[in-house]
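So the structure is just underneath, and the comments pick up after that.
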2 protein chains.
Amino acid sequence: MAPAPVSITPRCPIRTTLELVGGKWRLLILHQLRGGALRFGELRRLLPDISEKILVQELRHLTDAGLLMRHNFGEVPPRVEYELTEAGRVALPLIEAVASFGQQYLRTMVSHERPGRPQA
Amino acid sequence: MAPAPVSITPRCPIRTTLELVGGKWRLLILHQLRGGALRFGELRRLLPDISEKILVQELRHLTDAGLLMRHNFGEVPPRVEYELTEAGRVALPLIEAVASFGQQYLRTMVSHERPGRPQA
DNA sequence: GTAGGTACTGACTTATAGGTAAGAAATGGC
DNA sequence: GCCATTTCTTACCTATAAGTCAGTACCTAC
């Protein structure tokens with residue numbers, strides 16, 4: 001099978017990022033790999049809500065995009081590890097910014113229960 | 001009509017951010033407002049690919065979330081401006097990180113055309 | 001020989017995001 | 001009266017994201 005080349009729309013760097021790591025799971029997967037390689041099953045246990053099929057699919061997307069390296073040990077039972085590439089580690093500050101924004105929002109907004117927007 | 005309160009799942013700050021500003025358009029809208037308030041029609045012209053309906057819907061979401069302020073001048077024809085709140089300005093460094101990641105990716109990956117992942 | 005672990009695939013379905021197209025309301029210009 | 005302008009709504013539809021469930025292959029342990 002040919003390596004699916006992850007077509008990106010280069011015009012806008014924000015759109016590029018969204019195409020690469022947008023969606024419900026990709027940032028969470030990359031985040032789990034911040035400390036080093038993990039096996040498939042470890043990722044599944046760390047992200048209990050993701051379905052196996054989607055985890056496979058997203059790992060493949062991230063690998064095709066060059067953000068992850070997939071290491072197949074060729075053993076039986078299967079043993080496969082995923083690890084951030086250099087390009088993948090570039091996403092770590094982004095993930096930090098994402099988490100930081102979420103934290104600040106939770107601190108400032110959820111507590112003081114902002115007013116609703118005016119009706120007209 | 002009661003102000004729709006934008007339910008967030010507070011457990012994980014990454015998930016919180018995704019619920020707040022995830023999707024195809026929200027970061028782009030916030031980015032356009034970095035320099036100050038804009039009218040609805042100006043946003044529409046700055047983001048020509050977004051449909052009117054989605055623009056309204058996303059502006060409303062961001063307003064309900066407390067990231068935007070909506071200022072209705074009560075004129076006819078209508079004149080409505082949208083502006084970042086304090087909480088919305090907190091998203092600007094996040095957007096910078098998103099754009100920076102996209103730029104670095106485009107520079108390093110798209111040029112040297114990485115190899116595909118191994119077959120097994 | 002049956003059961004269990006491991007990474008993965010495929011068929012199928014559901015949920016949600018996003019898009020199209022039409023129109024409402026109120027006013028000014030002609 | 002008729003048209004244009006502007007923000008927004010509604011009904012309807014399509015596309016894509018995500019999920020469920022069953023099954024494959026190979027080996028080990030019992």
(request) Could you state the atom-to-atom distance from CG of Asn72(A) to C1' of dA25(D) in whole Å? (result) 13 Å

(request) Counting heavy atoms from C-beta on, name the nucleotide in dT7(D), dT9(D), dT9(C) closest to the side chain of Val80(B). (result) dT7(D)

(request) Taking His61(B) for its side chain and Leu20(B) for its backbone only, find out whether a donor-acceptor pair lies under 3.5 Å. (result) yes

(request) In whole angstrom, give the distance that lies between atom CG of Leu38(A) and atom C1' of dT6(C). (result) 16 Å

(request) Looking at every strand, decide which applies to Phe73(B) at a 4.0 Å heavy-atom threshold: base, sugar-phosphate, or nothing. (result) nothing

(request) Check the distance between dG19(D)'s C1' and Leu47(A)'s CG and give it to me in whole angstrom. (result) 15 Å

(message) Mind checking if Arg44(B) touches a base, just sugar-phosphate, or nothing, with heavy atoms under 4.0 Å?
(response) base

(message) From CG of Leu43(B) over to P of dT6(D), roughly how many Å is that when rounded to an integer?
(response) 14 Å

(request) Taking only the side-chain nitrogens and oxygens of Arg70(A), find out if one of them lies under 4.0 Å from OP1 or OP2 of dC8(C). (result) yes

(request) With DNA chain C as reference, determine whether Pro77(A) or Gly22(B) sits nearer its 5' end, using the nearest nucleotide of each. (result) Pro77(A)

(request) Take atom NE2 of His61(A) and atom C1' of dA18(D), then tell me their distance rounded to the nearest Å. (result) 15 Å

(message) Check this for me: does the side-chain of Glu52(A) come within 3.5 Å of the base of dC8(C) through a donor and an acceptor?
(response) yes

(message) Measuring to OP1 and OP2 of dT9(D), would you say a side-chain N or O of Arg60(B) lies under 4.0 angstrom away?
(response) yes

(request) Using salt bridge (charged side-chain N to carboxylate O under 4.0 Å, His left out) as the criterion, point out the one residue from Arg26(A), Lys53(A), Arg44(A) that pairs with Glu58(A). (result) Arg26(A)

(request) Assign each of Arg45(B) and Asp49(A) to its nearest nucleotide of DNA chain D by heavy atoms, then name whichever residue's nucleotide is nearer the 5' end. (result) Arg45(B)

(request) Find the distance Leu59(B):CG to dG18(C):P and express it as a whole number of Å. (result) 14 Å

(message) Using modelled atom types and a 3.5 Å cut-off, is there a donor and acceptor pairing between side-chain atoms of Glu42(B) and backbone atoms of Arg39(B)?
(response) yes

(request) Could you tell me the separation between the CD1 atom of Ile29(B) and the C1' atom of dG18(C), rounded to a whole number of Å? (result) 13 Å

(message) If we ignore hydrogens and angles and just use 3.5 Å, is the side chain of Thr63(A) paired with the main-chain N or O of Arg70(A) as donor and acceptor?
(response) no

(request) With the side chain of Pro78(A) defined as its heavy atoms from C-beta on, choose the nearest nucleotide among dC8(D), dA7(C), dG19(D). (result) dA7(C)

(message) Just to be sure I understand the rule, does Glu58(A) reach a base, reach only the sugar-phosphate, or reach nothing, if contact means heavy atoms closer than 4.0 Å?
(response) sugar-phosphate

(request) Using atom CG of Leu55(B) as one end and atom P of dG18(C) as the other, report the distance to the nearest whole Å. (result) 13 Å

(request) Between dC8(D), dG19(D), dC8(C), spot the one nearest the side chain of Ile54(A), thanks. (result) dG19(D)

(message) Pairing donors with acceptors under 3.5 angstrom, does anything connect the side chains of Ser100(A) and Glu96(A)?
(response) no

(message) If you compare every side-chain N and O of Arg26(B) against the phosphate oxygens of dA17(C) (OP1, OP2), does one of them come in below 4.0 Å?
(response) no

(request) Measure from the side chain of Arg39(A), starting at C-beta and using heavy atoms only, and say which of dC8(C), dG18(C), dT6(C) lies closest. (result) dT6(C)

(request) Side-chain contact test, heavy atoms from C-beta onward, threshold under 4.5 Å: evaluate it for Val21(B) versus Leu94(B) and give yes or no. (result) yes

(request) Answer with yes or no whether Lys53(A) presents, from its side chain, a donor or acceptor under 3.5 Å of a partner atom in the base of dG19(D). (result) yes

